[in-house]
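Below: the structure, in C-alpha coordinates.
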There are 2 protein chains.
Amino acid sequence: MKRGLLLYIAEKTGLFSELQTSTTRIAEALSVSQQSVSRLLIDLEKGGMIERKVSSGGLAIALKKKGRDQLQNEFTVLKRLFHPERKLKGKVVDGFGEGKYYIEKYKLKIKEAMGFTPFPGTLNIKTDRIKVKSFLMDVDPIKINGFATSDRSFGSIELYRVNVGGVAGAIIKPERTRHDDNVIEVIADVHLRKKMGLKENNVVELKK
Amino acid sequence: MKRGLLLYIAEKTGLFSELQTSTTRIAEALSVSQQSVSRLLIDLEKGGMIERKVSSGGLAIALKKKGRDQLQNEFTVLKRLFHPERKLKGKVVDGFGEGKYYIEKYKLKIKEAMGFTPFPGTLNIKTDRIKVKSFLMDVDPIKINGFATSDRSFGSIELYRVNVGGVAGAIIKPERTRHDDNVIEVIADVHLRKKMGLKENNVVELKK
DNA sequence: ATTACTAGGCCGCGAGTAG
DNA sequence: TCTACTCGCGGCCTAGTAA
(Lines give C-alpha, C1' and ligand atoms only; values in the text may rest on other atoms or scores of the structure.)
Protein backbone atom coordinates (compact mmCIF):
# COMPACT_ATOMS: atom_id res chain seq x y z
CA MET A 1 0.00 0.00 0.00
CA LYS A 2 2.83 2.32 0.91
CA ARG A 3 4.27 1.90 -2.53
CA GLY A 4 0.90 2.63 -4.12
CA LEU A 5 0.64 5.85 -2.18
CA LEU A 6 4.12 6.93 -3.19
CA LEU A 7 3.26 6.27 -6.81
CA TYR A 8 0.02 8.20 -6.44
CA ILE A 9 1.93 11.20 -5.13
CA ALA A 10 4.49 10.90 -7.91
CA GLU A 11 1.77 10.89 -10.52
CA LYS A 12 -0.20 13.74 -9.03
CA THR A 13 2.83 15.94 -8.56
CA GLY A 14 4.59 15.02 -11.77
CA LEU A 15 7.53 14.18 -9.48
CA PHE A 16 8.40 17.75 -8.62
CA SER A 17 5.47 19.95 -7.84
CA GLU A 18 3.53 20.26 -4.61
CA LEU A 19 0.15 18.65 -4.21
CA GLN A 20 -2.64 20.36 -2.29
CA THR A 21 -5.03 17.71 -1.11
CA SER A 22 -6.49 15.94 1.90
CA THR A 23 -6.18 12.48 3.40
CA THR A 24 -9.84 11.85 2.61
CA ARG A 25 -9.39 12.57 -1.06
CA ILE A 26 -6.38 10.29 -1.35
CA ALA A 27 -8.20 7.62 0.65
CA GLU A 28 -11.04 7.61 -1.84
CA ALA A 29 -8.72 7.50 -4.81
CA LEU A 30 -6.80 4.54 -3.42
CA SER A 31 -9.72 2.78 -1.75
CA VAL A 32 -8.23 2.77 1.73
CA SER A 33 -9.32 4.47 4.90
CA GLN A 34 -8.53 8.08 5.69
CA GLN A 35 -6.77 6.83 8.80
CA SER A 36 -4.45 4.63 6.84
CA VAL A 37 -3.56 7.44 4.46
CA SER A 38 -2.75 9.63 7.42
CA ARG A 39 -0.57 6.96 8.98
CA LEU A 40 1.15 6.05 5.73
CA LEU A 41 1.94 9.67 4.93
CA ILE A 42 3.53 10.06 8.32
CA ASP A 43 5.53 6.90 7.68
CA LEU A 44 6.68 8.13 4.30
CA GLU A 45 7.69 11.41 5.83
CA LYS A 46 9.65 9.66 8.57
CA GLY A 47 11.34 7.60 5.92
CA GLY A 48 12.43 10.76 4.13
CA MET A 49 10.37 9.96 1.06
CA ILE A 50 8.09 12.95 1.08
CA GLU A 51 7.66 16.37 2.53
CA ARG A 52 4.37 16.95 4.28
CA LYS A 53 2.87 20.20 5.44
CA VAL A 54 -0.31 20.06 7.45
CA SER A 55 -2.43 23.17 7.55
CA SER A 56 -5.91 23.76 8.82
CA GLY A 57 -8.23 22.16 6.34
CA GLY A 58 -5.83 20.10 4.29
CA LEU A 59 -2.26 19.25 3.53
CA ALA A 60 0.44 19.81 0.97
CA ILE A 61 2.76 17.01 -0.03
CA ALA A 62 5.75 16.80 -2.30
CA LEU A 63 8.20 14.07 -3.15
CA LYS A 64 11.68 14.37 -1.79
CA LYS A 65 14.76 13.16 -3.60
CA LYS A 66 14.78 9.85 -1.75
CA GLY A 67 11.23 9.14 -2.86
CA ARG A 68 11.99 9.97 -6.47
CA ASP A 69 15.12 7.83 -6.34
CA GLN A 70 13.17 4.91 -4.94
CA LEU A 71 10.77 5.04 -7.87
CA GLN A 72 13.51 5.61 -10.36
CA ASN A 73 15.31 2.51 -9.13
CA GLU A 74 12.20 0.47 -9.71
CA PHE A 75 11.95 2.03 -13.12
CA THR A 76 15.54 1.08 -13.92
CA VAL A 77 14.93 -2.52 -12.93
CA LEU A 78 11.81 -2.78 -15.05
CA LYS A 79 13.42 -0.98 -17.95
CA ARG A 80 16.19 -3.52 -18.04
CA LEU A 81 13.59 -6.28 -18.04
CA PHE A 82 11.33 -4.85 -20.68
CA HIS A 83 13.82 -3.23 -22.94
CA PRO A 84 13.15 -5.42 -25.94
CA GLU A 85 15.94 -6.79 -28.07
CA ARG A 86 16.51 -4.76 -31.20
CA LYS A 87 18.12 -7.54 -33.18
CA LEU A 88 17.68 -11.24 -33.49
CA LYS A 89 20.43 -13.46 -34.78
CA GLY A 90 20.15 -16.99 -35.97
CA LYS A 91 21.53 -19.55 -38.37
CA VAL A 92 20.06 -20.55 -41.67
CA VAL A 93 18.70 -24.07 -41.64
CA ASP A 94 17.06 -26.10 -44.35
CA GLY A 95 13.34 -26.37 -44.37
CA PHE A 96 11.38 -29.27 -45.74
CA GLY A 97 10.04 -27.38 -48.73
CA GLU A 98 6.71 -27.20 -46.95
CA GLY A 99 6.94 -23.46 -46.76
CA LYS A 100 6.53 -23.08 -50.47
CA TYR A 101 3.26 -24.97 -50.46
CA TYR A 102 1.80 -23.00 -47.58
CA ILE A 103 2.91 -19.58 -48.77
CA GLU A 104 1.08 -20.20 -52.04
CA LYS A 105 -2.10 -20.80 -50.12
CA TYR A 106 -1.86 -17.70 -47.98
CA LYS A 107 -0.35 -15.53 -50.74
CA LEU A 108 -3.30 -13.26 -51.39
CA LYS A 109 -4.07 -12.74 -47.75
CA ILE A 110 -0.46 -11.90 -47.03
CA LYS A 111 -0.42 -9.38 -49.88
CA GLU A 112 -3.53 -7.82 -48.43
CA ALA A 113 -2.17 -7.68 -44.90
CA MET A 114 1.44 -6.79 -45.54
CA GLY A 115 1.43 -4.99 -48.85
CA PHE A 116 3.81 -7.32 -50.64
CA THR A 117 3.42 -10.56 -52.51
CA PRO A 118 5.53 -13.14 -50.75
CA PHE A 119 8.13 -15.14 -52.58
CA PRO A 120 6.90 -18.75 -52.45
CA GLY A 121 9.23 -20.14 -49.85
CA THR A 122 10.49 -19.35 -46.38
CA LEU A 123 13.91 -18.67 -44.98
CA ASN A 124 14.21 -20.91 -41.94
CA ILE A 125 16.32 -19.56 -39.11
CA LYS A 126 17.38 -21.47 -36.06
CA THR A 127 17.63 -19.30 -32.99
CA ASP A 128 16.37 -19.43 -29.44
CA ARG A 129 12.75 -19.62 -28.42
CA ILE A 130 13.26 -17.22 -25.53
CA LYS A 131 15.18 -14.71 -27.59
CA VAL A 132 12.38 -14.76 -30.12
CA LYS A 133 9.85 -13.92 -27.45
CA SER A 134 11.97 -11.12 -26.13
CA PHE A 135 12.52 -9.80 -29.67
CA LEU A 136 8.84 -9.83 -30.53
CA MET A 137 7.59 -8.73 -27.14
CA ASP A 138 6.82 -5.16 -28.12
CA VAL A 139 5.18 -5.73 -31.48
CA ASP A 140 1.66 -6.77 -32.17
CA PRO A 141 1.36 -9.44 -34.79
CA ILE A 142 -0.84 -9.10 -37.82
CA LYS A 143 -3.16 -12.03 -37.75
CA ILE A 144 -4.47 -13.88 -40.75
CA ASN A 145 -7.43 -16.07 -40.02
CA GLY A 146 -7.55 -19.65 -41.07
CA PHE A 147 -9.72 -20.82 -43.96
CA ALA A 148 -10.75 -23.99 -45.68
CA THR A 149 -10.64 -25.25 -49.26
CA SER A 150 -12.64 -28.18 -50.57
CA ASP A 151 -9.75 -30.50 -49.68
CA ARG A 152 -8.59 -29.37 -46.27
CA SER A 153 -8.36 -26.53 -43.82
CA PHE A 154 -5.59 -24.07 -43.09
CA GLY A 155 -4.97 -22.67 -39.65
CA SER A 156 -4.51 -19.08 -38.61
CA ILE A 157 -1.09 -17.49 -38.92
CA GLU A 158 0.58 -14.49 -37.39
CA LEU A 159 2.94 -12.08 -39.14
CA TYR A 160 5.55 -9.85 -37.53
CA ARG A 161 7.20 -7.22 -39.72
CA VAL A 162 10.97 -7.51 -39.74
CA ASN A 163 13.89 -6.34 -41.81
CA VAL A 164 16.30 -8.93 -43.18
CA GLY A 165 19.47 -7.56 -44.72
CA GLY A 166 17.70 -4.39 -45.81
CA VAL A 167 14.67 -6.19 -47.21
CA ALA A 168 11.26 -5.69 -45.64
CA GLY A 169 9.80 -9.03 -44.71
CA ALA A 170 7.97 -10.81 -41.95
CA ILE A 171 8.32 -13.60 -39.47
CA ILE A 172 5.47 -15.97 -40.08
CA LYS A 173 4.13 -18.07 -37.25
CA PRO A 174 1.51 -20.74 -37.70
CA GLU A 175 -0.88 -20.89 -34.81
CA ARG A 176 -0.11 -24.56 -34.53
CA THR A 177 3.60 -24.88 -34.92
CA ARG A 178 4.64 -27.59 -37.29
CA HIS A 179 8.12 -27.82 -35.90
CA ASP A 180 10.49 -26.98 -33.08
CA ASP A 181 9.77 -23.43 -32.03
CA ASN A 182 13.45 -22.60 -31.89
CA VAL A 183 13.14 -22.26 -35.66
CA ILE A 184 11.38 -19.28 -37.19
CA GLU A 185 10.30 -18.76 -40.76
CA VAL A 186 10.83 -15.51 -42.60
CA ILE A 187 9.15 -14.37 -45.76
CA ALA A 188 9.74 -11.42 -48.10
CA ASP A 189 8.88 -10.49 -51.65
CA VAL A 190 12.19 -11.85 -52.88
CA HIS A 191 14.05 -15.11 -52.57
CA LEU A 192 16.02 -14.13 -49.48
CA ARG A 193 18.41 -17.06 -49.56
CA LYS A 194 19.40 -16.31 -53.12
CA LYS A 195 19.46 -12.55 -52.83
CA MET A 196 21.65 -12.60 -49.73
CA GLY A 197 23.74 -15.51 -50.94
CA LEU A 198 22.99 -17.57 -47.86
CA LYS A 199 24.00 -21.13 -47.21
CA GLU A 200 23.12 -23.47 -44.41
CA ASN A 201 24.54 -22.34 -41.06
CA ASN A 202 25.23 -18.78 -42.23
CA VAL A 203 24.29 -16.22 -39.62
CA VAL A 204 21.38 -13.89 -40.39
CA GLU A 205 20.27 -10.89 -38.44
CA LEU A 206 16.70 -9.66 -38.17
CA LYS A 207 15.78 -6.12 -37.22
CA LYS A 208 12.49 -4.52 -36.39
CA MET B 1 6.37 -8.92 -0.55
CA LYS B 2 4.33 -10.64 -3.23
CA ARG B 3 5.39 -7.98 -5.68
CA GLY B 4 9.02 -8.42 -4.74
CA LEU B 5 8.78 -12.12 -5.38
CA LEU B 6 7.17 -11.60 -8.77
CA LEU B 7 9.96 -9.20 -9.70
CA TYR B 8 12.55 -11.68 -8.50
CA ILE B 9 11.09 -14.36 -10.73
CA ALA B 10 10.93 -11.93 -13.64
CA GLU B 11 14.58 -11.05 -13.25
CA LYS B 12 15.76 -14.58 -12.81
CA THR B 13 13.81 -15.89 -15.75
CA GLY B 14 14.35 -12.92 -18.02
CA LEU B 15 10.54 -12.92 -18.27
CA PHE B 16 10.26 -16.00 -20.40
CA SER B 17 12.46 -18.87 -19.38
CA GLU B 18 11.89 -21.40 -16.62
CA LEU B 19 13.69 -21.13 -13.31
CA GLN B 20 14.94 -24.21 -11.48
CA THR B 21 15.24 -23.36 -7.82
CA SER B 22 13.97 -24.05 -4.33
CA THR B 23 11.90 -22.11 -1.84
CA THR B 24 14.90 -21.97 0.51
CA ARG B 25 17.10 -20.33 -2.07
CA ILE B 26 14.49 -17.69 -2.89
CA ALA B 27 13.87 -17.15 0.82
CA GLU B 28 17.52 -16.34 1.39
CA ALA B 29 17.69 -14.02 -1.58
CA LEU B 30 14.64 -12.07 -0.45
CA SER B 31 15.23 -12.31 3.30
CA VAL B 32 11.94 -13.97 4.12
CA SER B 33 11.17 -17.39 5.50
CA GLN B 34 11.05 -20.48 3.37
CA GLN B 35 7.47 -20.92 4.50
CA SER B 36 6.45 -17.54 3.21
CA VAL B 37 8.02 -18.18 -0.15
CA SER B 38 6.12 -21.43 -0.38
CA ARG B 39 2.85 -19.74 0.50
CA LEU B 40 3.43 -16.76 -1.78
CA LEU B 41 4.31 -18.94 -4.72
CA ILE B 42 1.08 -20.85 -4.22
CA ASP B 43 -0.78 -17.54 -4.07
CA LEU B 44 0.85 -16.29 -7.24
CA GLU B 45 -0.03 -19.51 -8.95
CA LYS B 46 -3.65 -19.28 -7.82
CA GLY B 47 -3.72 -15.74 -9.13
CA GLY B 48 -2.55 -16.94 -12.53
CA MET B 49 0.68 -15.00 -12.33
CA ILE B 50 3.09 -17.90 -12.52
CA GLU B 51 3.35 -21.52 -13.42
CA ARG B 52 4.78 -23.72 -10.73
CA LYS B 53 5.99 -27.28 -10.98
CA VAL B 54 6.98 -29.08 -7.82
CA SER B 55 9.24 -32.07 -8.15
CA SER B 56 11.16 -34.04 -5.59
CA GLY B 57 14.02 -31.88 -4.44
CA GLY B 58 13.04 -28.55 -5.92
CA LEU B 59 10.67 -26.63 -8.11
CA ALA B 60 10.48 -24.97 -11.49
CA ILE B 61 8.71 -21.67 -11.93
CA ALA B 62 7.94 -19.49 -14.90
CA LEU B 63 6.00 -16.29 -15.38
CA LYS B 64 2.65 -16.52 -17.11
CA LYS B 65 1.25 -13.82 -19.34
CA LYS B 66 -0.76 -12.27 -16.53
CA GLY B 67 2.35 -11.89 -14.42
CA ARG B 68 4.30 -10.30 -17.22
CA ASP B 69 1.41 -7.97 -17.97
CA GLN B 70 1.23 -6.90 -14.36
CA LEU B 71 4.87 -5.89 -14.40
CA GLN B 72 4.61 -4.28 -17.78
CA ASN B 73 1.77 -2.10 -16.57
CA GLU B 74 3.88 -0.89 -13.70
CA PHE B 75 6.65 -0.23 -16.17
CA THR B 76 4.34 1.83 -18.35
CA VAL B 77 3.28 3.98 -15.44
CA LEU B 78 6.85 4.64 -14.38
CA LYS B 79 7.96 5.25 -17.95
CA ARG B 80 5.40 7.99 -18.32
CA LEU B 81 6.65 9.55 -15.09
CA PHE B 82 10.32 9.39 -15.85
CA HIS B 83 10.30 10.13 -19.52
CA PRO B 84 12.15 13.41 -19.39
CA GLU B 85 11.09 16.39 -21.47
CA ARG B 86 13.15 16.78 -24.62
CA LYS B 87 12.53 20.51 -25.01
CA LEU B 88 12.16 23.45 -22.74
CA LYS B 89 10.39 26.60 -23.81
CA GLY B 90 10.53 29.97 -22.17
CA LYS B 91 10.37 33.68 -22.78
CA VAL B 92 13.28 36.05 -22.99
CA VAL B 93 13.43 38.42 -20.05
CA ASP B 94 15.84 41.20 -19.25
CA GLY B 95 18.58 40.53 -16.77
CA PHE B 96 20.20 43.07 -14.57
CA GLY B 97 23.51 43.05 -16.36
CA GLU B 98 24.92 41.05 -13.51
CA GLY B 99 25.50 38.08 -15.76
CA LYS B 100 28.23 39.89 -17.66
CA TYR B 101 30.18 40.55 -14.50
CA TYR B 102 29.97 36.99 -13.27
CA ILE B 103 30.72 35.31 -16.58
CA GLU B 104 33.95 37.28 -16.79
CA LYS B 105 35.00 35.83 -13.46
CA TYR B 106 34.19 32.24 -14.34
CA LYS B 107 35.32 32.53 -17.97
CA LEU B 108 38.47 30.45 -17.81
CA LYS B 109 36.92 27.73 -15.75
CA ILE B 110 33.96 27.53 -18.12
CA LYS B 111 36.32 27.28 -21.09
CA GLU B 112 38.10 24.47 -19.33
CA ALA B 113 34.91 22.61 -18.43
CA MET B 114 32.84 23.17 -21.55
CA GLY B 115 35.36 23.73 -24.29
CA PHE B 116 34.13 27.15 -25.32
CA THR B 117 34.81 30.65 -24.13
CA PRO B 118 31.52 32.14 -23.00
CA PHE B 119 30.24 35.39 -24.41
CA PRO B 120 30.21 37.79 -21.46
CA GLY B 121 26.52 37.91 -20.73
CA THR B 122 23.63 35.56 -20.17
CA LEU B 123 20.37 35.04 -21.97
CA ASN B 124 17.72 35.06 -19.28
CA ILE B 125 14.71 32.88 -19.92
CA LYS B 126 11.55 32.81 -17.89
CA THR B 127 9.98 29.40 -17.74
CA ASP B 128 8.66 27.12 -15.06
CA ARG B 129 10.69 25.78 -12.15
CA ILE B 130 9.05 22.39 -12.39
CA LYS B 131 9.53 22.10 -16.12
CA VAL B 132 13.17 22.93 -15.65
CA LYS B 133 13.57 20.09 -13.17
CA SER B 134 11.83 17.67 -15.47
CA PHE B 135 13.96 18.84 -18.40
CA LEU B 136 17.23 18.47 -16.54
CA MET B 137 16.29 15.34 -14.66
CA ASP B 138 18.31 12.96 -16.77
CA VAL B 139 21.51 14.95 -17.18
CA ASP B 140 24.31 15.35 -14.73
CA PRO B 141 25.54 18.87 -14.35
CA ILE B 142 29.16 19.85 -14.77
CA LYS B 143 30.15 21.50 -11.56
CA ILE B 144 32.58 24.38 -11.22
CA ASN B 145 33.81 24.92 -7.71
CA GLY B 146 33.70 28.27 -6.06
CA PHE B 147 36.82 30.36 -5.54
CA ALA B 148 37.91 33.58 -3.94
CA THR B 149 39.77 36.67 -5.11
CA SER B 150 41.37 39.22 -2.85
CA ASP B 151 38.11 41.18 -2.81
CA ARG B 152 35.40 38.61 -2.39
CA SER B 153 34.37 35.01 -2.93
CA PHE B 154 32.43 33.37 -5.72
CA GLY B 155 30.16 30.40 -5.16
CA SER B 156 30.03 27.12 -7.03
CA ILE B 157 28.03 26.92 -10.25
CA GLU B 158 26.54 24.08 -12.25
CA LEU B 159 26.45 23.84 -16.02
CA TYR B 160 24.04 21.81 -18.14
CA ARG B 161 24.81 21.47 -21.83
CA VAL B 162 21.94 22.63 -24.02
CA ASN B 163 21.34 23.66 -27.58
CA VAL B 164 19.77 27.03 -28.27
CA GLY B 165 18.71 27.67 -31.82
CA GLY B 166 21.46 25.43 -33.17
CA VAL B 167 24.16 26.89 -30.96
CA ALA B 168 25.85 24.77 -28.31
CA GLY B 169 25.57 26.43 -24.94
CA ALA B 170 24.76 25.73 -21.34
CA ILE B 171 22.29 26.51 -18.64
CA ILE B 172 24.24 28.03 -15.80
CA LYS B 173 22.96 27.65 -12.26
CA PRO B 174 24.56 29.34 -9.31
CA GLU B 175 24.49 27.15 -6.24
CA ARG B 176 22.89 29.99 -4.41
CA THR B 177 20.30 31.39 -6.73
CA ARG B 178 20.39 35.12 -7.04
CA HIS B 179 16.86 35.37 -8.32
CA ASP B 180 13.55 33.66 -8.81
CA ASP B 181 14.24 30.11 -9.90
CA ASN B 182 11.62 30.29 -12.61
CA VAL B 183 14.27 32.16 -14.56
CA ILE B 184 17.24 30.32 -16.02
CA GLU B 185 20.39 31.76 -17.50
CA VAL B 186 21.92 30.46 -20.69
CA ILE B 187 25.41 31.03 -21.97
CA ALA B 188 27.14 30.29 -25.27
CA ASP B 189 30.22 31.43 -27.13
CA VAL B 190 28.19 34.02 -29.02
CA HIS B 191 25.83 36.81 -28.10
CA LEU B 192 22.68 34.71 -28.29
CA ARG B 193 20.26 37.57 -28.11
CA LYS B 194 21.90 39.34 -31.02
CA LYS B 195 22.58 36.26 -33.10
CA MET B 196 19.00 35.03 -32.83
CA GLY B 197 17.50 38.49 -33.03
CA LEU B 198 15.63 38.09 -29.77
CA LYS B 199 13.67 40.73 -27.96
CA GLU B 200 12.01 40.66 -24.59
CA ASN B 201 9.13 38.17 -24.40
CA ASN B 202 10.18 36.27 -27.51
CA VAL B 203 9.88 32.53 -27.10
CA VAL B 204 13.08 30.46 -27.06
CA GLU B 205 13.41 26.72 -27.12
CA LEU B 206 16.18 24.75 -25.49
CA LYS B 207 17.12 21.22 -26.49
CA LYS B 208 19.45 18.67 -24.98
C1' DA C 1 17.10 -32.71 0.69
C1' DT C 2 12.72 -30.93 -0.39
C1' DT C 3 7.38 -28.58 0.07
C1' DA C 4 3.83 -27.01 2.77
C1' DC C 5 0.61 -27.67 6.81
C1' DT C 6 -0.62 -25.87 11.58
C1' DA C 7 -0.24 -22.73 15.34
C1' DG C 8 0.70 -18.55 17.37
C1' DG C 9 2.26 -13.80 17.41
C1' DC C 10 2.82 -9.43 15.42
C1' DC C 11 1.65 -5.75 12.48
C1' DG C 12 -1.34 -3.07 9.68
C1' DC C 13 -5.99 -1.78 8.79
C1' DG C 14 -10.18 0.75 9.76
C1' DA C 15 -13.88 2.43 13.21
C1' DG C 16 -14.52 5.64 16.61
C1' DT C 17 -13.35 9.88 18.23
C1' DA C 18 -10.50 13.95 20.17
C1' DG C 19 -8.57 18.28 19.12
C1' DT D 1 -14.44 20.29 7.99
C1' DC D 2 -9.67 18.78 8.75
C1' DT D 3 -5.58 15.31 10.96
C1' DA D 4 -4.32 11.68 13.69
C1' DC D 5 -4.79 9.11 18.14
C1' DT D 6 -6.46 4.59 20.41
C1' DC D 7 -7.96 0.10 20.08
C1' DG D 8 -9.69 -4.22 18.45
C1' DC D 9 -9.66 -7.45 14.76
C1' DG D 10 -7.88 -9.95 10.90
C1' DG D 11 -4.44 -11.24 7.81
C1' DC D 12 0.48 -12.14 7.12
C1' DC D 13 4.56 -13.76 8.90
C1' DT D 14 7.63 -17.28 10.96
C1' DA D 15 8.71 -21.52 13.79
C1' DG D 16 7.92 -26.18 14.21
C1' DT D 17 7.15 -30.18 11.89
C1' DA D 18 4.90 -33.87 8.76
C1' DA D 19 5.38 -36.10 4.49
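Residue numbering restarts at 1 for every chain, and letters A, B, ... go by the order of the sequence lines. Because only heavy atoms are used, hydrogens play no part in the values below, and waters and symmetry mates are left out as well, while side chains stay in.
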Out of curiosity, [X] [atom1] to [Y] [atom2], how far, rounded to the nearest 0.5 Å?
{"X": "A:Ile9", "Y": "A:Leu15", "atom1": "CD1", "atom2": "CG", "result": "11.5 Å"}
{"X": "B:Leu198", "Y": "B:Ile125", "atom1": "CG", "atom2": "CD1", "result": "8.5 Å"}
{"X": "A:Thr127", "Y": "A:Lys91", "atom1": "OG1", "atom2": "NZ", "result": "11.0 Å"}
{"X": "B:Thr13", "Y": "A:Ile130", "atom1": "OG1", "atom2": "CD1", "result": "8.5 Å"}

Gap between atoms [atom1] and [atom2], on [X] and [N] respectively (whole Å):
{"X": "A:Arg52", "N": "D:dC2", "atom1": "CZ", "atom2": "P", "value": "16 Å"}
{"X": "B:Leu40", "N": "D:dC13", "atom1": "CG", "atom2": "C1'", "value": "9 Å"}
{"X": "B:Arg39", "N": "D:dT14", "atom1": "CZ", "atom2": "C1'", "value": "9 Å"}
{"X": "A:Ile42", "N": "D:dC5", "atom1": "CD1", "atom2": "P", "value": "5 Å"}
{"X": "A:Ile61", "N": "D:dT3", "atom1": "CD1", "atom2": "C1'", "value": "13 Å"}
{"X": "A:Gln34", "N": "D:dT3", "atom1": "CD", "atom2": "P", "value": "6 Å"}
{"X": "A:Gln20", "N": "D:dC2", "atom1": "CD", "atom2": "C1'", "value": "12 Å"}
{"X": "A:Asp43", "N": "D:dT3", "atom1": "CG", "atom2": "C1'", "value": "15 Å"}

Starting from the first five and the last five pairs of the helix from C:dT2-D:dA19 to C:dG19-D:dC2, work out the angle between the resulting helix axes, to 10 degrees.
->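 The value is 30°.
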Greater than 12 external heavy atoms within 6.0 Å of B:Lys131's NZ =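 Not buried by this count: 12 neighbours or fewer within 6.0 Å.
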Would you call [X]-[Y] a salt bridge at under 4.0 Å N-O?
{"X": "B:Arg86", "Y": "B:Asp138", "answer": "no"}
{"X": "A:Arg193", "Y": "A:Asp94", "answer": "yes"}
{"X": "B:Glu104", "Y": "B:Lys107", "answer": "yes"}

Can you say whether the rings of A:Phe154 and A:Tyr106 are parallel (under 30°), tilted (30 to 60°) or perpendicular (over 60°)?
-> perpendicular
Quick one: sort the A:Phe82 and B:Phe75 rings into parallel, tilted or perpendicular, breaks at 30° and 60°.
-> parallel
Between A:Glu74 and B:Arg3, does a side-chain contact (heavy atoms from CB on, under 4.5 Å) hold up when you go through it step by step?
-> CA-CA 12 Å; A:Glu74 291 187 16; B:Arg3 206 195 89 91; 3.6 Å; yes
With nearest nucleotides of DNA chain C determined for B:Leu59 and A:Gln35 from heavy-atom distances, which residue corresponds to the more 5′ nucleotide?
->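 With B:Leu59 and A:Gln35 compared, the 5'-side residue is B:Leu59.
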Boundaries of the DNA chain C segment in contact with chain A, non-hydrogen, under 4.0 Å = C:dG12 to C:dG16
Counting only non-hydrogen atoms, which of residues 21-32 of chain B are less than 4.0 Å from DNA chain D?
->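 Contacts with DNA chain D under 4.0 Å: B:Val32.
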